[in-house]
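Worksheet: one structure, shown below.
Reminder, nothing fancy here: chain letters follow the sequence lines and each chain counts from 1.
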2 protein chains.
Amino acid sequence: MNLSTPLTRPSLHEELVTRLRQAIVEGSLEPGAKVPERELCENLGVSRTPLREALKVLANEGLVILQSNRGARISKVTMEELEHAFPVIAVLEGLAGELACDLASDTEIAQIVARHNDMFRHYEAGDRPAYFQANHDIHAALMAAARNDVLAQHYAMLSSRVERARLLANVSDSRWAEAVEEHRGIVKAIEARDGALLSALLRTHLNNKLAALKKALS
Amino acid sequence: MNLSTPLTRPSLHEELVTRLRQAIVEGSLEPGAKVPERELCENLGVSRTPLREALKVLANEGLVILQSNRGARISKVTMEELEHAFPVIAVLEGLAGELACDLASDTEIAQIVARHNDMFRHYEAGDRPAYFQANHDIHAALMAAARNDVLAQHYAMLSSRVERARLLANVSDSRWAEAVEEHRGIVKAIEARDGALLSALLRTHLNNKLAALKKALS
DNA sequence: ATTTTGAATTATGAATACAATTTGAAAAGA
DNA sequence: TCTTTTCAAATTGTATTCATAATTCAAAAT
């Protein structure tokens, strides 16, 4: 049991930020919808003050839009936002890949490889949800291996803004196959700890992902 | 007179975020210092509610640390943070360079070149403040030319966290000369619209900047 | 029938009130 | 003299209140 960290229960606004962010990302709070301030307060058993504090934070992250004297709305995922966010995510993942190749332990590498094998199995089984989960885990593991808090923080922020697009558009089977192929290259580069190659592969992987999304959404 | 834009006066918390951020970045609010909530409220003529909303936002940006039941402190710029932030800034600037080479108008390119010439003059004159200002303007102009809001937003956020380090350490004359040399390469790549080269030069420029900071701070 | 108006209602932004926690100095004890 | 304890004052987190702006909707006007 950890006795060194001074136990602090998180403030209401922090909990609210976390829960609201999650609700927005998973789509429980629909893009474009007004944030029902009073209702949320009642459901969550808090007053307006911490809720509004949380909304300001989420607005700063781009998940919520504040309209003066008209309350808050869940921001919509626009094509423009995706086109802007993806290249940024791409270079961040690229950096994570480079760092991970330098810094990851052999165990971490092995885990990322193992998750890849999981993912490939889910693809063979045609299990999209499980595939997505494994894919998500891989990117998270890579980010963790890069040992860079600032990088992870900004990556998380951008991911939350973009992940909602997945709910809007199912990618085609052919793109899915392509993505799996790309991941076979990625996992090889990781095993070889070839940072430059990995970085390049991750960037093109994400650029292709954006292209597929664009096609699926248009 | 513009009659098309719906007039909106900014909310108090937004103004506070802007002003406090500026105060933190320029050092008026010292790293590590407690945020004097009551005093700030009196000076700025606002109640605690909007001030506290602003503090939550700044905490989310990493400029302020919230300690439960103990109020807020201005965050310190740690070596670890610099080591984490600089590589991220580097890839973001790299991306900005690539995008700018593709997207910038000839006028924008010319302006960036012109600002470089300003900067070189300030270097010859040994005018550090003017040099820094020109340098800052160059990076801002490059970012604007990249036409990517998400990129600009994250770049701004990271810059604000890191810019304070400049107040802590004056870089050496030899590093200054080196930086100017690097900028000569950078401006050439911009003029040639060579995105890949520019990206690489910007990344190494920033990595060298970090190394110089590390030396100056240790 | 459709649009316009304006009073009533509701929602929002900001200030204030209140309860819980921390702080710091004086008092008590070693 | 140096700790430790105690307790009032100050600070903080959250709830509530209040003034103002936006919305609604029924009545009036076109």
TODO: May I ask you to list the residues of residues 33-48 of chain B, by number, that have any heavy atom positioned under 4.0 Å from an atom of DNA chain D?
DONE: B/K34, B/E37, B/R38, B/R48
TODO: Indicate yes or no: at least one non-hydrogen side-chain atom of A/L29 is less than 4.5 angstrom from one of A/V35.
DONE: no
Open item on the list: Using heavy-atom distances to pick each residue's nearest nucleotide on DNA chain D, tell me which of A/T49 and B/A72 is more 5'.
Closed with: B/A72
Open item on the list: Taking the basic N atoms (NZ, or NE/NH1/NH2) and the acidic carboxylate oxygens, is any pair closer than 4.0 Å for B/E39 and B/K34?
Closed with: no
Open item on the list: Salt bridge or not between B/K76 and B/E81? Use side-chain N to carboxylate O under 4.0 Å.
Closed with: no
Task: Basic-acidic side-chain contact under 4.0 Å: B/K56, A/E14 - done: no
Open item on the list: Less than 4.5 Å apart, side chain to side chain, heavy atoms only: is that true for A/L16 and A/L44?
Closed with: yes
Open item on the list: Under a 4.0 Å threshold between the charged nitrogen and the carboxylate oxygen, would B/E178 count as salt-bridged to B/R175?
Closed with: yes
Pair up each side-chain donor or acceptor in residues 141-152 of chain B with any protein partner under 3.5 Å, not counting sequence neighbours, and list the distances.
residue, atom, partner, partner atom, Å
B/R147, NH2, B/E108, OE1, 2.6
B/R147, NH2, B/E108, OE2, 3.2
B/N148, OD1, B/V150, N, 3.1
B/N148, OD1, B/L151, N, 2.9
B/N148, ND2, A/H84, O, 3.0

TODO: Determine, for A/E93 against A/R203, whether the closest basic-nitrogen to carboxylate-oxygen distance falls under 4.0 angstrom.
DONE: no
Open item on the list: Just the rounded figure in Å: distance from C1' of D/dA15 to NE2 of A/H13.
Closed with: 17 Å
Open item on the list: Distance check needed: C/dA14 P versus A/K56 NZ, whole Å only.
Closed with: 7 Å
Output one line per pair: protein atom, nucleotide atom from nucleotides 20-23 of chain D, and distance, for all N/O pairs under 3.5 Å.
residue, atom, partner, partner atom, Å
D/dA21, O3', A/N69, ND2, 3.3

Task: Length of the line joining A/L51:CG and D/dT14:P, which is rounded to integer Å - done: 12 Å
Open item on the list: Heavy atoms only, 4.0 Å cut-off, all strands: where does B/E14 land among base, sugar-phosphate and nothing?
Closed with: nothing
Task: Rounded interatomic separation in angstrom, taking CD from A/E53 and C1' from D/dT12 - done: 11 Å
